[in-house]
Protein chains: 4
Amino acid sequence: MSKLDKKQAILDTALTLFVSQGFYATSTASIAKQAGVATGTLFHHFPSKDELMNHLFLNIKQEFADAILASIKDSGDLKKDAKHLWTSAIQWAMDNPLKQEFFQQYSMSPSISTEIREQAMNSILGFMGALMQKGQALGLLANYPLTLMQDNSHGQFLAATRFFLDNPEKWQDPQHQEASFLLFWNAMVQS
Amino acid sequence: MSKLDKKQAILDTALTLFVSQGFYATSTASIAKQAGVATGTLFHHFPSKDELMNHLFLNIKQEFADAILASIKDSGDLKKDAKHLWTSAIQWAMDNPLKQEFFQQYSMSPSISTEIREQAMNSILGFMGALMQKGQALGLLANYPLTLMQDNSHGQFLAATRFFLDNPEKWQDPQHQEASFLLFWNAMVQS
Amino acid sequence: MSKLDKKQAILDTALTLFVSQGFYATSTASIAKQAGVATGTLFHHFPSKDELMNHLFLNIKQEFADAILASIKDSGDLKKDAKHLWTSAIQWAMDNPLKQEFFQQYSMSPSISTEIREQAMNSILGFMGALMQKGQALGLLANYPLTLMQDNSHGQFLAATRFFLDNPEKWQDPQHQEASFLLFWNAMVQS
Amino acid sequence: MSKLDKKQAILDTALTLFVSQGFYATSTASIAKQAGVATGTLFHHFPSKDELMNHLFLNIKQEFADAILASIKDSGDLKKDAKHLWTSAIQWAMDNPLKQEFFQQYSMSPSISTEIREQAMNSILGFMGALMQKGQALGLLANYPLTLMQDNSHGQFLAATRFFLDNPEKWQDPQHQEASFLLFWNAMVQS
DNA sequence: AATGAATGAGCGTTCATTCAT
DNA sequence: CATGAATGAACGCTCATTCAT
């Protein structure tokens, strides 16, 4: 096993165990053991358990952001673009259930330092913010305060991914998929 | 200090510390010390740290449910009733910021046993579910799958309370208050 | 329940629990609870857990000594008298299995203070000592050192009661009963 | 201090303290401290205090069994062989007073799990059992039930070692040594 | 870089004992 | 005399972290 393999094995194992047992219930010794390395090795790659957690969090956030960024389109039809974005985001969650679960569990937990958490939130909500401002400028979306709309959308996204993660077969159902998007979109529409 | 005072002091201190430091970072010794009782006293009233947590959770959930239940009206105007419900719920959160914070942190955390958590969720989401079914029957709300709508509303509620808790002065602003309700209501209306 | 009843209930419960769970694994709270009294009541009757234990030990030892004393005969036939004594002693153990078990467990354990233990041993072994000296004077028993013979007899008695307590049906068998006595008696006879 | 040294230091210290203070009155912290290691080190080598105890018990039982096994002879003269066995067993106890004391205290105590205790008893009493059956076949020993004889011999052995451990100078006295054996042997002899 | 034995502060919990009622 | 809530020292044990190899 090469160096990179060991570091990656530690990260992979940590993700699995943090999600299934929780951060505090997972000992560094158990991560090392299940990753097939010595306890000391974990601390060669990460200065502390907290740093391992933050590293993991930033890694996953970046993966998600990259996936979303790659799926952004500008077709001229804002609603269509928004639907594409919404669907891509949930699809990523369905494709990466462990990572999404990790996000759900730790994006609001004190196990992750505040600055890291906020940094992650901003970068993701940034996409949505830009889209919303565009919609407002076009008169498609209501002129609600932007930060309120952003937080609301984030809450809807967390609820939607939790729902579909718990009921994966429903994500295959076009009615559910469509309803999920409309709940998100109509909330903001100029009525 | 009377008997009840000591038990209550433990519960109050535990609430404060669990919210500010997290469950695992809060030692039973620190709860006892700050509550002004001996370590043994905590275990005289609660068989374990976990049971103390569950007790706290059920207590707060019941308080919230009682507050919501007391504010339910049936005026014949569903949208008006819904707004009253929505406003009351957020108002309770604004009046009890510590308890709302506790809810945000622990309603999805493994620190609370699954059955206790689900029991709490169901009792609260039950109100919303009934209201939604009524709205669908009247043709006011879209015929989206009920469970999806419920989870979506819950997500919006968590987002709204977090937003107003972080920006309490905005809850005084009628525009924000109105926008918050419309985001919730319009998401579900029949378009 | 009268005062004496409560004190006796505590002693009875302590005997049962000390035998079945051991001294250290039995909490004073559990004794009080099972005896149907408050925790404080135990400490009204006995100044400490250790004193309760010593009290129990002396009580039982006295009961045993009384039973043996009552069964001593002087028929002129030493072997017959010895057999009667031996049989009576084991019979008492069979009739009071809990108390005998208590004896087996604690007569050598540090849970009971040394002086109390020695005091108990001497009073019981005294009977045997007198009998042995008589036998030696008559030329029936070998002139082995008296203390060695006493300790040997005690060891045989403990072994015999343990055996018959574990196999109570064999105590009904005359062959076993006779063999048990002969092992004891022949060990000491002048060969 | 090497690794093995530390583990051995823990075992040695535990033996001394368990014998002098008892199992429950000896804290793991005191064992570690007196052994010159950290508390965690004890638990690095033994998963729990109970396991440390069982380990100790099995170690000592094995040592004793090995010593006895090495001293077994088959000279054709059964009584002579028996005396050799008896003397060797007591000699081991005199040479290892701490370990013998440990045996006396714990071979019947609930601090050691039942299966471990029985396993130890059987392996030791096995020697005696074989010797007795041989004696019965030769018509030298009485036809008492074998298990009763075994238990009886065990009781005599415990009594003899206790006696000589408490009075070590008497083990030097040929009269005491001879008497001790005759008490054991004559008990079983065909009369 | 990798190892894993060693560390010791800190944890949740127990329980003999006290004392106000 | 009886009660049981309260006490706090002490327990067995865990685990993030260090460091000699």
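A, B, ... follow the sequence lines: proteins, then strands. Residue 1 opens every chain.
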**Prompt:** Between A29(D) and G40(A), who's closer to the 5' end of DNA chain F by nearest nucleotide?
**Reply:** A29(D)
**Position toward the 5' end of DNA chain F (nearest nucleotide), P47(D) or A25(D)** = A25(D)
Rounded to whole angstrom units, what separation is found between the [atom1] atom of [X] and the [atom2] atom of [N]?
{"X": "D5(D)", "N": "dA6(E)", "atom1": "CG", "atom2": "C1'", "value": "14 Å"}
{"X": "L17(C)", "N": "dA16(E)", "atom1": "CG", "atom2": "P", "value": "12 Å"}
{"X": "K33(C)", "N": "dC15(E)", "atom1": "NZ", "atom2": "C1'", "value": "15 Å"}
{"X": "F46(A)", "N": "dA2(E)", "atom1": "CZ", "atom2": "P", "value": "12 Å"}
{"X": "Y24(B)", "N": "dT14(F)", "atom1": "OH", "atom2": "P", "value": "16 Å"}
{"X": "F43(A)", "N": "dA16(F)", "atom1": "CZ", "atom2": "P", "value": "7 Å"}
{"X": "I31(A)", "N": "dT17(F)", "atom1": "CD1", "atom2": "P", "value": "11 Å"}
{"X": "L52(D)", "N": "dC11(F)", "atom1": "CG", "atom2": "P", "value": "16 Å"}

When you measure from the side-chain N and O atoms of [X] to the phosphate of [N], is any distance below 4.0 Å, counting only OP1 and OP2?
{"X": "K49(B)", "N": "dC11(E)", "answer": "no"}
{"X": "T28(B)", "N": "dG12(E)", "answer": "yes"}
{"X": "H44(D)", "N": "dA5(E)", "answer": "yes"}

**Request:** Report which part of the nucleic acid S30(C) touches: base, sugar-phosphate, or nothing (heavy-atom distance under 4.0 Å, all strands).
**Result:** nothing
Do side-chain atoms of [X] reach the backbone of [Y] as a donor and acceptor pair under 3.5 angstrom?
{"X": "K49(D)", "Y": "T26(D)", "result": "yes"}
{"X": "E51(C)", "Y": "F46(C)", "result": "no"}
{"X": "Q104(B)", "Y": "L158(B)", "result": "yes"}
{"X": "Q105(A)", "Y": "V19(A)", "result": "yes"}

**Prompt:** Nearest nucleotide by nearest heavy atom, which residue falls closer to the 5' end of DNA chain E, F23(C) or T41(A)?
**Reply:** T41(A)
**Item:** Which residue lies more 5' along DNA chain E, comparing T26(C) with D50(B) via nearest heavy atoms
**Value:** D50(B)
**Message:** Tell me whether the side-chain N or O atoms of T39(C) pair up with the base of dA5(F) as donor and acceptor below 3.5 Å, since no angle test is needed here.
**Reply:** yes
**Complete:** If pairing means Watson-Crick or G-U wobble with both distances under 3.5 Å, then the partner of dG4(F) is dC19(E)
**Message:** As a test of reading the structure: which of dA6(F), dG8(F), dA2(E) is closest to the side chain of H45(B), going by heavy atoms?
**Reply:** dA6(F)
**Message:** Using the side-chain heavy atoms of S48(C), tell me which of these nucleotides is nearest: dT7(E), dT17(E), dG8(E).
**Reply:** dT17(E)
**Message:** Looking only at the side chains, is there a donor atom on one of E63(D) and N59(D) sitting less than 3.5 Å from an acceptor on the other?
**Reply:** no
